[in-house]
Amino acid sequence: MTQAPNYDAAAVEAKWQQRWAKDHHAEPDLDRPGRPFYNLMMFPYPSAEGLHVGNMFAFTGADIYGRLKRLQGYDVFEPIGFDAFGIHSENYALSVGTNPAKLIPQNIAMFRRQLKRFGGMFDWRHELSTTDPRYYKWTQWIFLQLFRAGLAFRKKAAVNWCPKDMSVVANEQVINGYCERHPDTKVEQRFLEQWFFAITKYAGRLLENLDRLDWSDSTRTLQRNWIGRSEGAELVFETPGGAKIRVFTTRPDTVFGATYLVLAPEHPLVDALTAQEQRPAVNAYRRDVRAKDIVSRKVGEQVKTGVFLGSYARNPATGDAIPVWIADYVLMEYGTGAIMAVPAHDKRDFEFATAFRLPIRRVVQAEEPLPSVTEEGALTNSGQFDGLPCREAQRKIVAWLEERGLAAPRVQYRLHDWCISRQRYWGPPIPIIYCDRCGPVAVPEQDLPVELPLIEDFRPDASGVSPLARHKEWYFVKCPRCGAQGRRETDVSDTFLDSAWYFLRYPSTEFDDRPWDAARTKTWLPVTTYIGGNEHAVLHLMYSRFVTMALHELGHVHFEEPFPKLRAHGLIIKDGAKMSKSRGNVVIPDAYIEKWGADTFRMYLMFLGPFQAGGDFRDEGITGIRRFLDKVWHLVHEAALLTPGPSPGLPAAIHRKLHQTIRKVTVDTENLDYNTAIAAMMEYVNELRSAECGARSAVDALLVMLAPYAPHFAEELWAVLGHDRSIFHASWPRYDEHLATAGDVEIVVQVNGKVRGRLTVARGATEAQVVELALRDESVQKFVDGKPVKKTVYVQDRLLSLVV
RNA sequence: GCCGGGGUGGCGAAAUCGGUAGACGCAAGGGACUUAAAAUCCCUUGGGGAGCGAUCCCCGUGCAGGUUCGAGUCCUGCCCUCGGCACCA
């Protein structure tokens, strides 16, 4: 008798990874696929620490789905790449004093090795990196398409400036108004000309389309909130000098309670409306506001400050002259940059009015004390509108003012235009040349890419411009239009632009003369299923949708939405907290894979908790998965030895259980409920073992179901069963619905709502039969106690409830 | 403050439509095998109680109510927690 070998994960995995590479296992025919399936996962940022367990959790979940689809007969394209530009890489490079251009390839090499080791079904022919000039050439090209279409424009905007770093810092690097790296240094605002993409033009469509996308609800909700649609009206307050102050409000019904106006300190009308004697105070205030950083200005719960301009405007409803103020709680970038203040019905206006002793006029009746923001009450102090419910008054007041040209209904979005300028080094240069005569001129497409030069000193400096400006032979170029001396744009673009189109590039990576091939794109896009984390629910996913929408409108792609189906996975945390370098709780998978094998570790991660919820990483549970795989290993070896010929039929109970298992694993895997799919397979294996059933036909379907989860393991055992070809050429098992639901059922008998007995009856038994059986049951009798049954409730094949 | 998840054994969790709460796994305890340990296998394991025993009873899904023959699931009001947004008019 031959002794079955023990399961040696390292050997099995090495063997199959080699064979897969040799057989081009993961390389579908991109030009003539039968049933194309584009299985996308969010490409990683290749950090110096390496792939962490959160990445592996996400990729495993996505890979299982791709492998399921493969077994269901699709030609699955599962590409991978690296999002390697950006401030993280640059800051890390600065801290170790090496150019990121040297570090990134090392990091990528490490990631590539780790990604291969865990057994993802990646098509490595189509690997990409956003830092590759062959890639960012087209990132720049996209910028130019948007520029030509008027969707990329320049505007002065505030950035955070750290005087110690002498550098622009990102919002995330500002902590309570102080620089992250210099906790004693306050960050200031500077105003720089920057490039913006007109994403707000698409706000309405980005919002409406959400209704017809098959996305996780959590992600859709995040996007809706981010777009932030508000319905309201624009109202006009005229000044004696004839100026019109436009305000946006969601509560036009409260206009009778508007007792003063507030403009943002940057509002263009401020100078014109400032009275002579108020000038010094107003200018001082505006200077103070500018000295603040952007982040802390927007943090609420602070003491309200502001200055009276010394002038008045007319409330269009009451006709009263009301004072005009400026205050930094009003933001220039939202609405019109001016508000009507209704202190009785807005918390912020109330605080401000209280601080500066401005009049407060209640116009909505309510029990609660002021400020009362309710929309439930009826109007009061509002002339002919008194007594109307708020919502009705909103329409009527706007209509009434509209007749005099003092109001118009308006929809306002919270979404801001996307600032893509970064005064940094590690990104794709924005392909623009400034000419004194011609202004900003697009770099001609044949001159792309504008390569990022390899420079020694890429540290940002006091000038506020990118380090690229110091690289004179790069900086000075001829104007492509008139030939005069011009200067390159020295800002690079946001890393989110790199990732906003990578899925378009994957199928076409081998083409250098076009960003994406029309035929390939037609075949493979839009992406069939996108699986990724909700940390990208707004920025990455919104920007990708916007870029796709714009490219669609410009005729470059045939679809408007890039990701018709998206599923968000959960977050892997450690000891109840997010994994982060600063907390020191980042788990690197390598040691676990080395010890247990990739398959065990993959399954363990999926068994940790629901994929779409995430979970806490605790390694105690790994042994359970390993024990399960060992059991399957031995079971299959026994089956192979015991039944070399045609397999005998299975005992009825096992046969039924098999079909139930196939049903559950099929449904659960499709729904990404991987933890319960694994549990179902475990249950089935337990049953096989206790029934001492070692038939081949009991295990072959099991192996196919296991293949997405533990691909190397399943391949090896498939070969043990004598198959020549990869298990991924097999097809996903089918189940017989009738068989899966055959057999006797246990019916619970309740008396007055409490479980008092259990009956085993044939499936489909009638109520009368079950009632009769139940009343004969000893323990049921005890509780019925001879009393008449007042009511019975029967749930077929499940439960009988008797009320006495 | 606003918007979303979530709260179930010692732990991770499971539970179509309201229908046997705790599947599956970990850990723990007991036993078998072994010179021994590991591995493996078998049994027990929500809390409390009755019985020699097979068994049986009571309580139990964050808290307080409600609807229902029946509530982890639905409704009302709270508490806690995680995530996102946040002076957005």
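Sequence lines set the chain letters: A, B, ... in the order given, protein chains first and strands last, and positions in each chain run from 1. These numbers were taken from a predicted model, which means no experiment stands behind them. Because only heavy atoms are used, hydrogens play no part in the values below, and waters and symmetry mates are left out as well, while side chains stay in.
- Residue Lys631(A) is classed as a sugar-phosphate contact, given heavy-atom separations below 4.0 Å to backbone atoms only.
- If you take CZ of Phe607(A) and C1' of A14(B), they are 10 Å apart, rounded to a whole angstrom.
- Residue Asn534(A) has no polar side-chain atom (N or O) positioned under 4.0 Å from OP1 or OP2 of G4(B).
- Arg410(A) comes within 4.0 angstrom of no nucleic acid atom, judged by non-hydrogen atoms across all strands.
- Residue Val748(A) is in base contact, counting any heavy-atom pair closer than 4.0 Å across all strands shown.
- Under the Watson-Crick or G-U wobble criterion, with both distances below 3.5 Å, A23(B) is left unpaired in every strand shown.
- Across all strands shown, U55(B) is found opposite A50(B) as a Watson-Crick or G-U wobble partner, with both distances under 3.5 Å.
- Between the NZ atom of Lys754(A) and the C1' atom of A71(B) there is a distance of 14 Å, rounded to whole Å.
- Counting any heavy atom pair closer than 4.0 Å across all strands shown, Ser801(A) reaches a base atom.
- Nucleic acid contact for Thr792(A): none, since no nucleic acid atom lies under 4.0 Å from a heavy atom of the residue.
- Residues Tyr592(A) and Phe617(A) bring their aromatic ring centres within 6.0 Å.
- Contacts of Phe783(A) with the nucleic acid, taken as non-hydrogen atoms under 4.0 Å apart, involve only primed sugar atoms and P, OP1 or OP2.
- The aromatic rings of Trp633(A) and His637(A) sit tilted relative to each other, their planes meeting at an angle between 30° and 60°.
- In this entry U40(B) has A32(B) as its Watson-Crick or G-U wobble partner, both defining distances falling under 3.5 Å.
- Residue-level contact check: Lys790(A) touches neither bases nor backbone, having no heavy atom under 4.0 Å from any strand.
- Relative to the ring axis of Tyr684(A), Lys657(A) does not place its NZ or CZ within 45° and under 6.0 Å from the centre.
- Contact between the side-chain N/O atoms of Arg414(A) and the OP1/OP2 oxygens of A89(B) is not found at any separation under 4.0 Å.
- For C17(B), the glycosidic angle deviates from 0 by 90° or less, giving a syn base.
- When the P atom of G84(B) is taken as reference, atom CD of Glu535(A) falls 10 Å away, rounded to whole Å.
- As judged by a 4.0 angstrom heavy-atom cut-off over every strand, Arg618(A) is placed among residues touching the sugar-phosphate backbone only.
- Using a 90° window around 0 for the glycosidic torsion, G9(B) falls inside it and is classed as syn.
- Among the protein residues, Arg224(A) comes within range of no part of the nucleic acid, since none of its heavy atoms lies under 4.0 Å from any strand.
- Using the Watson-Crick or G-U wobble rule with both distances under 3.5 Å, G1(B) pairs with C85(B).
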Stepwise salt bridge (Lys or Arg N to Asp or Glu O under 4.0 Å) test for Asp217(A) and Arg220(A): CA-CA 5 Å; Asp217(A) 285 335; Arg220(A) 278 201 290 210; 2.8 Å; yes

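- Phosphate contact (OP1/OP2 of G25(B), side-chain N/O of Asn675(A), threshold under 4.0 Å): absent.
- Contact annotation: Ser230(A) side-chain N/O to A89(B) OP1/OP2 distance is under 4.0 Å.
- Nucleotide C63(B) forms a Watson-Crick or G-U wobble pair with G77(B), both donor-acceptor distances falling under 3.5 Å.
- As judged by a 4.0 angstrom heavy-atom cut-off over every strand, Glu683(A) is placed among residues touching the sugar-phosphate backbone only.
- For the C1' atoms, the distance linking G60(B) with G51(B) amounts to 23 Å, nearest Å.
- The distance between atom CZ of Arg798(A) and atom C1' of U73(B), rounded to the nearest whole Å, is 13 Å.
- Remark: aromatic rings of Tyr543(A) and Trp418(A) are close, center separation under 6.0 Å.
- Between Trp325(A) and Phe308(A), the distance from one ring center to the other falls under 6.0 angstrom.
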